[in-house]
S.K.: 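This is the structure I have questions about; it appears just below.
Numbering of ligands and ligand atoms starts at 1, following listing order. The model shown is predicted, which means the values in this text are computed figures rather than measured ones.
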Amino acid sequence: MNNIDAKGHVTGRSVYLDDIPEQKGTLHAVALGSDIAFGKINKLDISKAASFQGIEYIFTAKDIPGENQVGGIIPDEPLFAEEEVHFRGQPIALVVAKDELTARKARKLIEVSYEEFQPVIDPREAKEKGLLLFPSRTFESGNVAEVWSKCEHIFEGKAESGSQEHLYIETQGSYAYPMENENLKIHSSTQGPTIVQRTVAIILGIPMHRIEVDVTRLGGAFGGKEDQATAWACMAALAAYKLQRPVKISLHRLDDMKMTGKRHPYSSDFKIGLSKDLKILAFETTYYQNGGAAADLSPAIMERTLFHVTNSYFIPNVKATAYSCKTNLPPFTAFRGFGAPQAMFVIESAIANAAETLNVPARIIQKKNLLKENDEFHYGQLAKNANATHSWKKVVDNFNIEEQTKEIEEFNQQNHLLKKGMALMPVCFGISFTKTPMNQARVLVHIYQDGSVGISTGAVEMGQGVNTKMLQVAAKTFSINPSRIKLETTNTTRVANTSPTAASSGADLNGKALLIACNDLVKRLKMSAGKMLQTHPENITFKDERILDSAGDLNSTWKQLVEFAFLERTNLTAVGHYATPIIRFDKSIEKGHPFTYHVYGTAAITVTLDCLRGRYNFDKVQIVHDFGTSLNPKIDMGQIEGGVVQGIGWMTMEEIAFDENGRLLSNSLSTYKIPDIYAAPKIIECIALETEGPDLAIMKSKAVGEPPFMYGIGAYFALRNAIKAFISTADIPFDAPLTPEKVLLALYTSVPATKVATTFITTRP
Ligand code: LUZ
Ligand code: MOS
C-alpha cells in the first residue's frame with residue numbers, strides 16, 4: 001500500500017495552506033516582533049505605518065475583544081505584548097494590508113521605544129535567580145543516597161544538549177475568513193485543530209462552536225505546530241473577525257526561524273555509581289531545561305524527560321530532578337521526542353564517562369544494564385515485552401558487531417588522518433501522552449449509498465502517512481478496495497475535542513476509534529445482509545467486496561449490500577470513540593502506569609572522521625527496530641530514515657546560536673545547517689524485530705513517529721570514539737552538537753578543552 005499522498009506530492013498537486021485559493025478581498029498580515037530580548041515598552045506608535053497606502057488596519061493588544069492569552073497549559077503568554085517584552089521576536093502588533101509586501105513595508109514604519117533590561121539566556125543562571133516557569137519535579141526510586149557507599153565506581157559530570165530548529169518545509173500559517181452570523185472558518189497549519197479553536201475562542205471571547213478549524217495537511221511539523229501554530233491562527237482569526245474580511249498569514253522563513261520556539265536546550269548534572277562488575281546501581285541527575293520566556297508545552301516536555309531518565313536500562317536507584325528555567329528566548333516547544341532525547345543524551349553521557357575512565361567499551365556497560373522483562377521503571381510501571389536485550393542481541397548478531405569492531409581497530413591502526421568510530425544506541429520510548437486525559441480520539445465514518453466511504457478523524461496528516469494508515473484500517477475492516485475510501489480533512493465541526501496529532505500516538509488513538517466505528521457499521525451491514533440473502537447474520541463475512549457465509553460466496557457484492565441497506569433505512573453513518581485503557585499516573589507520588597506500551601530498538605552507528613579537517617561522514621546506521629506487526633512497512637521505514645537523519649543532525653551539525661543579548665545568530669539557512677543527502681549516512685539498514693506487537697497498538701502496529709529520532713544520539717558517541725582513536729587523551733566535553741568546529745578543537749587542544757558555559761552561546765570569530 002503506497003502512501004495515498006505520493007502522487008499529489010510528486011506532481012505538486014497536494015494542497016497546503018498557501019495553495020488554498022484565495023477569496024476575493026483577501027488581506028495579508030505580518031507580525032511585528034520585539035527588537036529586544038527583555039524590557040518595557042515605553043512607546044508604541046503605529047500612526048505612520050497605519051497611514052501607509054494599502055494598509056487596512058494594525059492590530060495591537062488593545063484590539064483583542066476577549067483575553068490576550070495563548071498559553072496552553074499555563075496562562076503566561078500574551079498574543080501581543082502589552083507593557084513588557086520577554087524575547088526577541090515576541091509579537092507586538094499585526095499589520096494587515098492588501099498584500100504581503102505592503103504589510104512588510106509598513107511594518108518597518110512602526111515605532112517602538114523600549115527600556116531595556118538585562119536578559120537571562122542561560123538556564124542555570126535563571127535557576128540561580130529563582131526564575132522558574134513552574135515548580136520543579138523529582139522522580140525517585142530506591143534510595144540513591146544509601147547506595148553510593150556500596151558503589152565501586154562513581155562518576156560525576158555535566159552534559160549539554162543544544163536546541164534544534166524544526167525546519168518544517170511549510171512555515172507557520174493560517175487563513176481565516178468570516179462566515180455568516182459572524183462565525184469564522186480557519187485553515188491552520190496546525191497539529192492541534194482543537195487547540196486553535198479553543199484559543200481563538202478565548203482571544204475573541206466567543207464560544208467554540210462559532211469557530212470551524214479545518215486542516216488538509218501540513219508540510220511537516222515535528223512538534224513545532226503542536227502549540228506554536230496557535231498564535232498565528234489567532235492573529236488571522238482576530239483580523240478576519242474584526243475586519244470581516246478573509247485574512248491570510250504565511251510566515252516568511254526568516255520570521256519563522258526568529259519568532260518561533262525550538263527544541264529545548266538542556267544543561268544537566270549527572271552522578272552514576274557502578275558495582276565492580278559494572279552494574280549501574282545508582283543514577284542521580286538534575287536537568288536544567290531552558291524553557292524560554294513562557295511555559296508553552298514545557299511542563300509536559302519536562303515530564304517526558306523525567307520518564308526517560310534511564311532510557312533502555314534498569315537502574316534500581318534513581319533520583320532525577322528537573323527545573324524549567326525562564327529565560328528571555330522564544331518559548332521552546334515540542335520537537336520529536338519531546339524531552340526524552342535530552343534525557344537519553346545524559347544517561348548515555350554518564351555511561352560513556354564511566355566507560356572511558358574505566359577503559360572498557362561503553363557497549364559492555366550498556367549491555368549489562370539493559371532492561372529485562374518485568375523490571376520496574378523508576379515511575380512504577382513494569383517493563384512488558386521488553387525488547388531491549390532482544391534488539392541489542394539481534395544488532396550484534398545480524399550486523400556482526402564484533403567483526404566490525406575488529407575491522408575498525410585495524411582501519412584505525414593503518415590510517416593516521418582518518419579514524420573510524422562506532423557506537424551502539426539502544427532506545428526505549430514510552431507511548432501515550434503523559435497527560436492521561438489526552439489519550440482519546442474520535443472519528444466519523446459515512447458509507448455513501450454507492451458503496452464509497454468517507455472518513456473523518458482527529459488525526460492531522462503532516463507527511464507521516466497517518467491518513468494512509470487510517471485508510472488501511474477501514475479497508476481491512478470492510479474488506480473493500482482502498483480506492484473506495486476517501487480521507488476527509490481534519491475538521492473540528494466533524495470531529496470535535498481532538499487531541500493534537502503528537503506523541504507518536506496519532507495512528508493508535510484515531511485508528512482504534514476508527515476500528516470501533518467500522519466494526520459498528522460491519523455489524524449493521526451483516527444484519528442487512530442476513531435479510532437480503534436470507535441467512536444468519538452471525539455467519540456472514542465480507543471478503544474482497546463479496547459477501548460470504550458458512551456455505552461460501554453468496555453471489556452478492558459490497559455495493560449491492562450497501563444499496564440494499566440504504567433502502568432498508570439502515571444508518572450508514574457511525575462515530576467511534578476511543579479512550580486508551582489501563583493508563584494512569586499519580587502525580588502526588590510520581591508513580592503509575594503512564595504508557596500504553598514502550599517501543600524498543602537498537603542502532604549501531606559508524607562514522608569516519610577526517611582528523612585533519614574535523615569533518616566526518618556517517619558510513620552506516622544499522623538498526624533492529626520493534627515495529628510489532630507493521631501496518632505499512634514502507635511508511636514506517638520512512639519514519640526510521642527521517643528520524644535517524646534528524647537525530648544525527650541534532651547531535652552533530654545543527655547548532656542554534658544565540659548571542660548574550662538573546663539574538664538568534666543561526667537565523668537563516670546559510671548559518672544553520674541541517675543534514676542534506678550528502679550528510680545523511682550512506683547506508684541505513686533496518687531489520688524488524690520479530691514481535692507480534694501489543695493489542696493496544698493499532699492492528700498490533702507499534703507507534704513509530706518519534707522513537708527512531710533517538711537512534712541519532714549514537715552519532716555523538718560514534719564521533720567521540722573516532723576522536724579518541726586519534727588522541728586517546730582528548731578531553732571532550734559532553735556538549736552536543738559535536739560540530740566539525742568542536743571536533744577540530746577536541747582533536748588538537750592538548751589542554752583539556754575549556755568548557756563553554758552553555759552550548760548555545762557561541763561568539764563569532
Ligand atoms: N505532546 C504532549 C507530546 O502533549 N504530550 C506528550 O506526552 C507528548 N509526547 C511526545 C510528543 N508530543
Ligand atoms: Mo510531537 S514532539 O509528537 O508534537
S.K.: Tell me, which protein residue and heavy-atom name are nearest atom 9 (N) of ligand 1, and how many Å apart are they?
M.R.: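 Heavy-atom neighbour on the protein nearest atom 9 (N) of ligand 1: Arg304 NE, 2.8 Å.
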S.K.: Identify, chain by chain and in numerical order, each protein residue with a heavy atom under 4.0 Å from an atom of ligand 2.
M.R.: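 Within the 4.0 Å shell of ligand 2, which is judged on heavy atoms, sit Gln191, Gly223, Glu226, Ala334, Phe335, Arg336, Phe338, Ala502, Ala503, Glu706.
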S.K.: Please work out, at 4.0 Å between heavy atoms, whether the side chain, the backbone, both, or neither of Glu303 comes within that distance of ligand 1.
M.R.: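 No part of Glu303 comes within reach of ligand 1.
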S.K.: With the side chain counted from C-beta on, respond yes when Gln90 and Pro78 share a heavy-atom pair under 4.5 Å apart, and no when they do not.
M.R.: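 Touching, per the 4.5 Å side-chain cut-off.
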S.K.: What part of Arg336, side chain, backbone, both or neither, has a heavy atom within less than 4.0 angstrom of ligand 1?
M.R.: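 Neither part.
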S.K.: Using modelled atom types and a 3.5 Å cut-off, is there a donor and acceptor pairing between side-chain atoms of Glu165 and backbone atoms of Leu167?
M.R.: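 Between the backbone of Leu167 and the side chain of Glu165 there is a qualifying donor-acceptor contact (under 3.5 Å).
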S.K.: For atom 5 (N) of ligand 1, which protein heavy atom lies nearest, and how many Å away is it?
M.R.: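 For atom 5 (N) of ligand 1, the nearest protein heavy atom is Phe433 CD2, 3.3 Å.
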S.K.: So, do Asp296 and His264 sit near enough that their side-chain heavy atoms are less than 4.5 Å apart?
M.R.: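 Not touching, per the 4.5 Å side-chain cut-off.
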S.K.: Looking only at protein heavy atoms, which one is nearest to atom 1 (N) of ligand 1, and how far off is it?
M.R.: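 For this ligand atom, the closest protein heavy atom is Glu226 OE2, 2.9 Å.
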S.K.: Is any side-chain heavy atom of Phe734 less than 4.5 Å from a side-chain heavy atom of Phe717?
M.R.: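 Phe734 vs Phe717: side chains touch.
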S.K.: Can you establish whether the number of heavy atoms outside Ile582 located under 6.0 Å from its atom CD1 is more than 12?
M.R.: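 Above 12, so yes.
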S.K.: Should the proximity of Ala503 to ligand 1, defined as any heavy atom under 4.0 Å, be assigned to the side chain, the backbone, both, or neither?
M.R.: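 Under 4.0 Å from ligand 1, Ala503 contributes backbone and side-chain atoms.
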S.K.: Output yes when the distance from some N or O of ligand 1 to some N or O of Lys435 is under 3.5 Å, and no in every other case.
M.R.: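 It does not: no N or O of Lys435 is found under 3.5 Å from an N or O of ligand 1.
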S.K.: Are Thr490 and Val495 side-chain neighbours, meaning at least one heavy-atom pair lies under 4.5 Å?
M.R.: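 A side-chain contact is absent here, since even the closest heavy-atom pair is not under 4.5 Å.
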S.K.: With a 4.5 Å cut-off on side-chain heavy atoms, are Tyr323 and Pro123 touching?
M.R.: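 No. Closest side-chain heavy atoms not under 4.5 Å.
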S.K.: Please determine if Lys127 forms a cation-pi arrangement with Tyr288, meaning its NZ or CZ atom is less than 6.0 Å from the six-membered ring centre and no more than 45° off the ring axis.
M.R.: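 Not flagged: Lys127 not positioned over aromatic ring of Tyr288.
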S.K.: Less than 4.5 Å apart, any side-chain heavy atom of Ile516 and any of His577?
M.R.: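 Heavy-atom side-chain distance check fails, nothing below 4.5 Å.
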S.K.: Atom 7 (O) of ligand 1: which protein heavy atom is closest, and how many Å away?
M.R.: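 The protein heavy atom lying closest is Thr434 N, 3.0 Å.
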S.K.: Please examine the side chains of Met1 and Ile635, heavy atoms only from C-beta on, and report whether any two atoms are closer than 4.5 Å.
M.R.: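 Ile635 vs Met1: side chains apart.
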S.K.: What pairs with Gln197 under side chain to side chain donor-acceptor pair (under 3.5 Å), at least two apart in sequence or on another chain?
M.R.: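 Gln197: no side chain to side chain donor-acceptor pair (under 3.5 Å) contacts found.
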S.K.: Just need the protein heavy atom nearest to atom 6 (C) of ligand 1, so name the residue and atom and give the distance.
M.R.: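 Going atom by atom, the protein heavy atom closest to atom 6 (C) of ligand 1 ends up being Phe338 CE2, 3.4 Å.
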S.K.: Which residue owns the protein heavy atom closest to atom 11 (C) of ligand 1, what's the atom, and how far is it?
M.R.: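 Closest protein heavy atom to atom 11 (C) of ligand 1: Glu706 OE2, 3.0 Å.
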